[in-house]
Amino acid sequence: GGVRKVVVSGDGGGVYGKSWKRLKAMSKNKKKKKSKADRNEGKSEGDQQVKKSKVKRKEPKFEPLTTPQQMAATTMGYKLPGSTTDSREVRLQQAAAAAARQTSQASQPPPAQRVPRFEFSTSRNLVSWMREGKFSIVFTTYQMGKVFFIGTKEDGRLGIFERSFSRCMGLHTDAEKRSMLVTSLYQVWEFHDALSRGQKYQGFDCVMVPQVGYTTGDVDAHDMGVDKNGRIVFCNTLFSCLATVDRVKSFRPLWTPPFVSKSAAEDRCHLNGLALRDGVPRYVTCIAETDVREGWREHRRDGGVVIDITTDEVVCTGLSMPHSPRWHQGQLWLCNSGRGEFGRVDMETKTFIPVCFVPGYARGMTFFEDFALIGLSKPRAKTFSGLELQDRLEAKKVSARCGILVVNIHSGDIVHSIEVEGDLTEIYDVSVMPNITRPMAIGFKTDEIRRYIVADTAMDTTGTGSTCDFCGSDTNGKDRILAPSVPAAAAALSPMSIAGGASVEGDNFTGIAPVNVGFSSPSPPT
């Protein structure tokens, strides 16, 4: 059929051939002969057809090809001029080179992540005060996504333990039940102490384990508490309401401010603080009485209010970004954060009475006897700009601090302090844990959450096929977890490492019986 010419598309998409006679016939059939410029108009360099030779049976002429074109041609099985390697070898070489690059990239260690840095310093007598009072301190920081536990060691030094929980804010502790609640980015977590009273684990007298989680979605949950009926109540800031958790829905609204006309995900008034009185939710704080999306931002300087939710009555106005209302010793206390003040509300005059000035953005508060523990944060330049706090700090020639202050509620004196330096600049909530001197918690970022098991050792060991109290499965089923008989009071927390189905003895505790944990035993223990 004549000499064949190779025409390569410019995008490397393929190669095709046309006979010499066919190309000649096609050109004769054209009504009007086009110039070379017309023929090549709108075409890429590779698509421009090669000029045909008038000499028959002459070796084909090839135009210079770029590297992508050569790859496309060799992929289709052509050997190009000057090439001594066929297409199969080229493809194998390219595949080997690509595999080598992937292996090299995979073997390289990931870039090191910067570890957050923070330093704690305390006033001289803080540790002795905590040891005498037999309590510990817990606080949350959504800025770093961590819960910090501050206790005292047996040698008299301060002991600090932290766990990571995304955007953790609201905090509630129950000394009697030895439990804790924490709001996070889209969940509310319920923690319980895995140790019995008097027991210790590696020097800790409390090991908080997350046992129950409620998925709320990202509703910007702030303060929270538990009423006298055991119901969890939290500030649903995004939907401008008080709410409770639900087993089916994300949340269940309990109360909405009277000036909010619609339940919408718009953060209309920034409802952030909650105070319980005699076990009943009673007071809330809002940044402003606004009813439009984020309308409160225009009233940060003096639009804050306190509302009695039982009567819908505003009991205090003119506040600057109020936070953390708490009922203690028959009075309502709160942080007037935008002015750097800690004080109480006079219910008769409906005014705020400052007790002391604090050098920072006050947020997060709890009480221990006659002392208030107040969280301090360093103001953010954009969000906290325009507040009176900055003017007062400059007038006193001090800079904002981050940490916890201990204030005598009668005199207003700051008697103890914890200061934090480094990457940690904001604290949200603070709580105390009476009768617990050195707490810790199990988190989700390490394997501890699957290796630590809390066992109720009272279980049916008769082998009659009843339900196992430990894992909820049938005791005659496969892959069950078995715990031999030990005193019922010796519930154990056991670091577990399973290797080839072998049981590991969890005897890392002081004063409790060891618990053996195993898998796929042929029959229950006797």
Side-chain angles (χ1 to χ4, degrees), residues 118-120 122 126-141 144-165 168 171-182 184 189-212 366 368 373 404 418 420 424 429-457 486-487 489-497 504-515 517:
F118 36 81
E119 299 175 358
F120 288 77
T122 68
L126 174 74
V127 176
S128 59
W129 177 60
M130 293 176 62
R131 288 180 62 85
E132 291 174 2
K134 296 181 179 180
F135 70 93
S136 54
I137 303 171
V138 188
F139 72 85
T140 60
T141 165
M144 296 189 67
K146 290 185 179 295
V147 179
F148 282 88
F149 299 85
I150 302 178
T152 55
K153 298 180 180 180
E154 294 180 355
D155 59 4
R157 294 184 301 163
L158 195 70
I160 300 174
F161 192 91
E162 56 88 13
R163 284 297 187 197
S164 298
F165 296 93
C168 51
L171 177 65
H172 171 80
T173 57
D174 190 317
E176 182 178 352
K177 295 182 179 179
R178 296 173 73 90
S179 62
M180 180 177 72
L181 289 168
V182 176
S184 63
W189 278 103
E190 182 178 332
F191 295 72
H192 290 275
D193 184 10
L195 302 180
S196 298
R197 296 180 186 272
Q199 294 180 348
K200 288 191 176 183
Y201 169 67
Q202 297 182 354
F204 297 96
D205 60 349
C206 173
V207 180
M208 287 292 180
V209 180
Q211 296 287 6
V212 182
T366 190
F368 182 77
L373 287 79
I404 298 174
I418 301 174
V420 186
L424 177 56
D429 210 352
V430 181
S431 186
V432 296
M433 303 178 73
N435 300 317
I436 296 176
T437 58
R438 193 185 175 196
M440 65 165 284
I442 303 298
F444 297 107
K445 289 202 169 184
T446 64
D447 288 341
E448 287 177 310
I449 193 67
R450 69 178 180 86
R451 292 188 294 106
Y452 283 75
I453 295 179
V454 183
D456 184 355
T457 56
V486 294
L493 179 66
S494 169
M496 185 174 69
S497 176
V504 178
E505 187 171 273
D507 57 354
N508 292 4
F509 293 87
T510 303
I512 64 173
V515 173
V517 180

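- For the atom pair I137 CD1 and I404 CD1, the distance stands at 5.5 Å (nearest 0.5 Å).
- Of the inter-residue distances, the one linking L195 atom CG with K200 atom NZ reads 11.0 Å to the nearest 0.5 angstrom.
- In this structure, the side chains of R131 and T437 stay at 4.5 Å or more apart for every pair of heavy atoms.
- Taking all atoms of both residues into account, the shortest heavy-atom contact from V127 to G156 is CG1-O, 3.2 Å.
- In this structure, the side chain to side chain contact (heavy atoms under 4.5 Å, CB included) partners of S136, at least two apart in sequence or on a different chain, are M433, I436, P439.
- In this structure S184 satisfies the side chain to side chain donor-acceptor pair (under 3.5 Å) test with no other residue, sequence neighbours excluded.
- Residues passing the salt bridge (Lys or Arg N to Asp or Glu O under 4.0 Å) test with D205: none are found, sequence neighbours excluded.
- The aromatic rings of F444 and W189 sit tilted, their planes meeting at an angle between 30° and 60°.
- Smallest separation of non-hydrogen atoms from L158 and G151: CD1-O, 3.4 Å.
- Applying the side chain to side chain contact (heavy atoms under 4.5 Å, CB included) test to S128 and every residue at least two apart in sequence or in another chain returns N125.
- Aromatic pair F204/F149: centroids not less than 6.0 angstrom apart.
- For E190, the salt bridge (Lys or Arg N to Asp or Glu O under 4.0 Å) test picks out no residue, with sequence neighbours left out.
- Distance check, rounded to the nearest 0.5 Å: CZ of F191 to CZ of R178 gives 15.5 Å.
- Under the rule for a side chain to side chain contact (heavy atoms under 4.5 Å, CB included), the partners of R157 that lie at least two apart in sequence or sit in another chain are K153, D155.
- With hydrogens and angles ignored, the 3.5 Å screen pairs a side-chain donor or acceptor of R163 with a backbone N or O of A441.
- A donor-acceptor pair under 3.5 Å links the side-chain atoms of D193 to the main chain of V207, judged by distance alone.
- The nearest pair of heavy atoms linking L171 to V430 is CD2-C, 4.2 Å.
- Residues passing the ring-ring contact (aromatic ring centres under 6.0 Å, His included) test with F120, sequence neighbours excluded: F148.
- Residues passing the side chain to side chain donor-acceptor pair (under 3.5 Å) test with T122, sequence neighbours excluded: none.
- Scanning for salt bridge (Lys or Arg N to Asp or Glu O under 4.0 Å) contacts around R438 gives an empty result, with sequence neighbours left out.
- Atom CG of D447 is separated from atom OH of Y452 by 11.0 Å, given to the nearest 0.5 angstrom.
- The side chain to side chain donor-acceptor pair (under 3.5 Å) search around S431 returns T173, not counting sequence neighbours.
- Counting only distance, with no hydrogens or angles, the side chain of T366 and the backbone of L373 share no donor-acceptor pair below 3.5 Å.
- Distance check, rounded to the nearest 0.5 Å: CE of M144 to OG of S164 gives 8.0 Å.
- A distance of 5.5 Å separates CZ of F135 from CE of M130, quoted to the nearest 0.5 Å.
- Residues passing the side chain to side chain donor-acceptor pair (under 3.5 Å) test with E176, sequence neighbours excluded: none.
- Applying the side chain to side chain contact (heavy atoms under 4.5 Å, CB included) criterion to Q211, with sequence neighbours excluded, gives H192, V209, V454.
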